[in-house]
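Sequence lines set the chain letters: A, B, ... in the order given, protein chains first and strands last, and positions in each chain run from 1.
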Number of protein chains: 2
Amino acid sequence: MSVKKINIKDISEASGLSVSTISRVLNGKAKQYRISKKTQEKVLKIVEELKYVPNQVAVNLKRGNTRTIALIVPSLNNPFFANIASVVSLELRKLDYTTLISDSNENLEMEKEEINQLVARNVDGILISPSSQETEHIDWVVEQNIPLVCYDRFFSKKHIPYVASDNYAGAYEGTKYLIENGHKRIACIQGSLLSTPNEFRKKGFEAMAKESGLKDYMITGSEFSVRNGYTETLLMLQAHNKPTAIFSFSNNIALGCIKALKEFNLRVPEDISLITFDDHPYLEYLSTPLTCIAQPVEEICAIAIRHLFDLINKREIIYQKVQLKPHIIHRKSVRNIAFHE
Amino acid sequence: MSVKKINIKDISEASGLSVSTISRVLNGKAKQYRISKKTQEKVLKIVEELKYVPNQVAVNLKRGNTRTIALIVPSLNNPFFANIASVVSLELRKLDYTTLISDSNENLEMEKEEINQLVARNVDGILISPSSQETEHIDWVVEQNIPLVCYDRFFSKKHIPYVASDNYAGAYEGTKYLIENGHKRIACIQGSLLSTPNEFRKKGFEAMAKESGLKDYMITGSEFSVRNGYTETLLMLQAHNKPTAIFSFSNNIALGCIKALKEFNLRVPEDISLITFDDHPYLEYLSTPLTCIAQPVEEICAIAIRHLFDLINKREIIYQKVQLKPHIIHRKSVRNIAFHE
DNA sequence: CTCTATATTATAAACGTTTGTCCTGATTTA
DNA sequence: TAAATCAGGACAAACGTTTATAATATAGAG
């Protein structure tokens, strides 16, 4: 039953050829070393028969690379990142690379541990959406010449390549849209204060607010989670003057928001308007189809991967910082109240 | 800038101790080999200073195991599996194992390739939701004594451990619920014909149909996808006598279903009732909160992991087949039409 | 028939660890 | 005082590959 795992030496013995010959035909170096057709066929035949597949661990050790890219996401439970994980792993597979998906749980310590693991495992590159602005562990990676690029979140103060949405523009436009629809009392529910997307979304919002003379607004919340969206909404609904519109800074926040609104029997958009960052297939079929600011996920992944491979292949690399414009998907959750009050 | 990756030999030289001593203190075998406190501290200090982290590739090669478990999902874009991926990777991390998530894209060839890769990479175990009933590649894994357990989908004809929902019971109960609510014309939209969950859901449905004398039903569809749900719904809505209820066999199918229903301006449940397999956070907030048959995801993951580790640790293992009862979450998408026609 | 090319395959070092075994002093036992 | 024990650590083989280099055989040239 239990067949010993067969290795290249077994093939060598079974064929009467040396291991180097086996290795060479298996690695397509047959002509380079002028190995006869006959020998090649013999090798291939035996390999086939014995179902030999080279031990990648040994190969990796010898070659020093692993054809593996690590993808660190803050949370796989966030559909935005699940989506990214799916896209990235499919893309990388096309390039014949394996993806190692790591969930840092929005936790710096876990992230550090993971980075350690990943470096120890000799990954060829790292794609990361960092959970904080702390960079010591990241610097360590870079020092070792391990290619690393940030996606979605990045380090504002470091020269580390990244690709992200233009969150400033997204928030700016979203806010503009709200204001154009007559909203004068707007509440933002933000996510992790430490993340760059949040920082820029906040700035974009504030810029538009300032520009249009909006005074009556609040920015609250502290986590990209359902719970945060829920409790913050609950809180603001009990304040003396409720906002006429809520700007949610992520899909999970929006979900919490909707939950709270429903419990309060508030209709969207009749009683209150809602706009959120991040699209999701279900958004269109909610009791009120949700207007959102959609990020160009596929493009972000594609460019991040390209940058990473530029690094891996040591191609001429300009200091890469890319911001992609998100776009508003208009659905039904924002009401025009310009003439209603 | 570019620091050469430091290895155990560097530590040995820097400390004037032999590599075996370094290795031993790092692996907690200090007392076993009676290494003095002083030496231990010295080693630890230098390791700390130089930020040495052992090359896992070499460790793996030497030890023959990788502390890595592969999780093969048919599609990460399916929230059900994304959820599983998240839960499994978090659980495994607690056990100090790394998870290698692989997306087989519902595609047997890809699955085979991946299994090859995974075996070549010396994973310590495989958790798989197979994309077909073909088992040649699986048998090959088992022959090599690589622990493998199926989750969600499995092989009906093989003695391979699995843990899944009791899909028969789920469909049986779901159908019963529909019938109790007066539905006499029911359409099922099924998923992949090759998958066991689909097989049992279909059987459960048919059993209940037979038991209650239901004659007027149809079973259609062939994929666990949004598109399948969409087109099948479109088709059945154009038939001469529309069903009064639709039983969707997965979340993605339901999404397609909802989309088609909306395009036809059909209200749920006033015009047509809908029930689906799989829960999802958004279901509660859809224009009609969707009644569903929820699978015990966390339990499935937990048990699958336990079985896998039983195998890994060669514990006494009874031929393990586990089916967990799903439960109906009652929301608003099924209408009682018992007295309406 | 010897010599040089040329075609083909073998040998062995190296990748970075772990670990069984051996070695050296020092201390204790008898 | 010789033998035995023990503390502390070093050596070197092994894991399964890849690859530079060496080796051998064959054939054609002269």
Side-chain angles (χ1 to χ4, degrees), chain A residues 3-44 46-47 50-68 117 119-124 144, chain B residues 4-44 46-47 50-67 117 119-124 144:
Chain A
V3 178
K4 174 192 156 294
K5 204 157 190 171
I6 91 143
N7 61 26
I8 199 171
K9 217 169 158 192
D10 297 327
I11 304 291
S12 160
E13 282 161 11
S15 64
L17 295 163
S18 79
V19 296
S20 62
T21 302
I22 312 293
S23 173
R24 280 174 177 135
V25 349
L26 257 28
N27 288 297
K29 307 200 172 167
K31 48 246 98 155
Q32 183 184 340
Y33 285 88
R34 294 165 301 210
I35 292 168
S36 66
K37 274 272 169 257
K38 220 187 305 166
T39 303
Q40 291 185 44
E41 279 161 15
K42 190 200 248 178
V43 170
L44 261 12
I46 300 198
V47 162
L50 271 53
K51 301 204 189 201
Y52 166 64
V53 12
N55 181 332
Q56 280 306 122
V57 176
V59 173
N60 294 344
L61 179 59
K62 188 75 215 353
R63 291 216 236 251
N65 72 335
T66 53
R67 287 194 90 77
T68 301
Q117 270 286 325
V119 169
R121 277 169 190 267
N122 259 10
V123 296
D124 293 347
Q144 293 176 81
Chain B
K4 172 191 157 291
K5 204 157 190 171
I6 90 143
N7 61 27
I8 200 171
K9 217 169 158 193
D10 297 326
I11 304 290
S12 160
E13 282 161 11
S15 64
L17 294 164
S18 79
V19 296
S20 61
T21 302
I22 311 293
S23 173
R24 281 173 177 135
V25 350
L26 256 28
N27 287 298
K29 307 200 172 168
K31 49 246 100 152
Q32 183 184 341
Y33 284 89
R34 297 163 301 210
I35 292 169
S36 66
K37 275 271 169 256
K38 220 186 309 166
T39 302
Q40 292 185 44
E41 280 160 16
K42 191 200 245 176
V43 170
L44 262 11
I46 300 196
V47 163
L50 272 53
K51 301 203 188 199
Y52 167 64
V53 11
N55 181 331
Q56 280 305 124
V57 176
V59 173
N60 294 344
L61 178 59
K62 188 74 213 356
R63 291 217 236 252
N65 72 334
T66 54
R67 288 194 89 77
Q117 269 287 325
V119 170
R121 279 171 189 266
N122 259 9
V123 296
D124 293 347
Q144 292 176 79

Restricting to side-chain contact (heavy atoms from CB on, under 4.5 Å), what partner residues turn up for B:Val119, sequence neighbours left out?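 B:Val119 satisfies side-chain contact (heavy atoms from CB on, under 4.5 Å) with A:Lys5, B:Ile115, B:Trp140, B:Val141, B:Gln144, B:Ile146 only.
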
Checklist entry - What is the nucleic acid contact for B:Asn27, judged by heavy atoms within less than 4.0 Å: base, sugar-phosphate only, or nothing? => result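 Since only primed, P, OP1 and OP2 atoms lie under 4.0 Å of B:Asn27, the category is sugar-phosphate.
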
In whole angstrom, give the distance that lies between atom CG of B:Asn60 and atom C1' of C:dT19.
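In whole Å, C:dT19 C1' lies 16 Å from B:Asn60 CG.
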
Would you tell me if any nitrogen or oxygen in the side chain of B:Tyr52 comes within less than 4.0 Å of OP1 or OP2 on C:dG16?
->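 No, because none of the side-chain N or O atoms of B:Tyr52 sits under 4.0 Å from OP1 or OP2 of C:dG16.
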
To the nearest angstrom, how far is A:Ile8 atom CD1 from C:dC15 atom P?
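In whole Å, C:dC15 P and A:Ile8 CD1 are 19 Å from each other.
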
Item to complete: Check the distance between D:dC15's C1' and A:Gln56's CD and give it to me in whole angstrom.
Response: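 Taking CD of A:Gln56 and C1' of D:dC15, I get 15 Å after rounding.
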
>> Of the listed nucleotides (D:dT19, D:dT17, C:dT9), which one gets closest to any side-chain atom of A:Lys29?
In response: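 The nucleotide sitting nearest to the side chain is D:dT19.
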
Review point. Does B:Gln32 or B:Leu61 map to a spot on DNA chain C nearer the 5' end, using the closest nucleotide for each?
Key: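 Result: B:Leu61.
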
**Between D:dA10 (P) and B:Lys9 (NZ): distance, integer Å** =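 Distance check: B:Lys9 NZ to D:dA10 P gives 15 Å.
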
Original post:
Out of C:dA7, C:dT19, D:dT17, which has the shortest distance to the side chain of A:Arg34?
Top reply: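 Among C:dA7, C:dT19, D:dT17, the one nearest the side chain of A:Arg34 is C:dA7.
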
Tell me whether the side-chain N/O atoms of A:Tyr33 come closer than 4.0 Å to OP1 or OP2 in D:dT19.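 False: A:Tyr33 side-chain N/O out of range (4.0 Å or more) of D:dT19 OP1/OP2.
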
_Nearest to side-chain heavy atoms of A:Asn55, which nucleotide of C:dA10, D:dA10, D:dG16_ =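 Shortest atom-to-atom distance from the side chain points to D:dG16.
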
Can you measure A:Asp10 atom CG to D:dG16 atom C1' for me and round it to whole angstrom units?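 A:Asp10 atom CG is separated from D:dG16 atom C1' by 11 Å.
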
Exercise for the section: Find which nucleotide of DNA chain D each of B:Ser18 and B:Ala58 is nearest to by heavy atoms, and output the residue with the more 5' nucleotide. Expected result: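 On the 5' side of the pair lies B:Ser18.
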
Nearest-Å distance for atom pair CG/C1', residues B:Asn122 and D:dG16: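 From B:Asn122 CG to D:dG16 C1': 10 Å.
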
Between the base of C:dT11 and the side chain of A:Ser20, is one N or O donor paired with an acceptor at under 3.5 angstrom?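 By the distance-only test, yes, there is a pair.
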
Q.
Go nucleotide by nucleotide along DNA chain D from the 5' end; which of B:Lys62 and B:Gln40 gets its closest nucleotide reached first?
A.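 Closest to the 5' end, via its nearest nucleotide, is B:Gln40.
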
What's the closest nucleotide to the side chain of B:Leu17 if the choices are C:dT18, D:dA10, D:dT17?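 Of the options given, the side chain of B:Leu17 lies nearest D:dA10.
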
C:dG20 base to B:Arg24 side chain: any donor-acceptor pair below 3.5 Å?
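Present.
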
Could you walk me through whether A:Thr68 and A:Asp124 pass the side chain to side chain contact (heavy atoms under 4.5 Å, CB included) test, one step at a time?
-> CA-CA 6 Å; A:Thr68 301; A:Asp124 293 347; 5.7 Å; no

Can you measure A:Leu26 atom CG to D:dT17 atom P for me and round it to whole angstrom units?
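Distance, rounded to whole Å: 10 Å.
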
Can you check the A:Ile11 CD1 to D:dT18 P distance for me, whole Å?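 The distance from CD1 of A:Ile11 to P of D:dT18 comes to 12 Å, rounded to the nearest Å.
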
Original post:
For the atom pair CD (B:Gln40) and CD1 (B:Ile22), what is the distance rounded to the nearest 0.5 Å?
Top reply: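 Answer for the CD-CD1 pair, B:Gln40 versus B:Ile22, is 11.5 Å.
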
>> Within the structure provided, determine whether B:Ile11 and B:Leu17 are in side-chain contact (heavy-atom separation under 4.5 Å).
In response: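 No, every pair of side-chain atoms sits at 4.5 Å or beyond.
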
B:Arg121 and A:Thr66: side chain donor to acceptor below 3.5 Å: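 Side-chain D/A pair, B:Arg121 to A:Thr66: absent.
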
Would you classify A:Ser23 as touching base, sugar-phosphate or nothing, given that sugar-phosphate means primed atoms plus P, OP1 and OP2, and contacts are heavy atoms under 4.0 Å?
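Contact class for A:Ser23: base.
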
Check your understanding: Atom OG1 of A:Thr39 and atom CZ of A:Arg24: how far apart are they, to the nearest 0.5 Å?
Key ->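 Those atoms lie 13.0 Å apart.
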
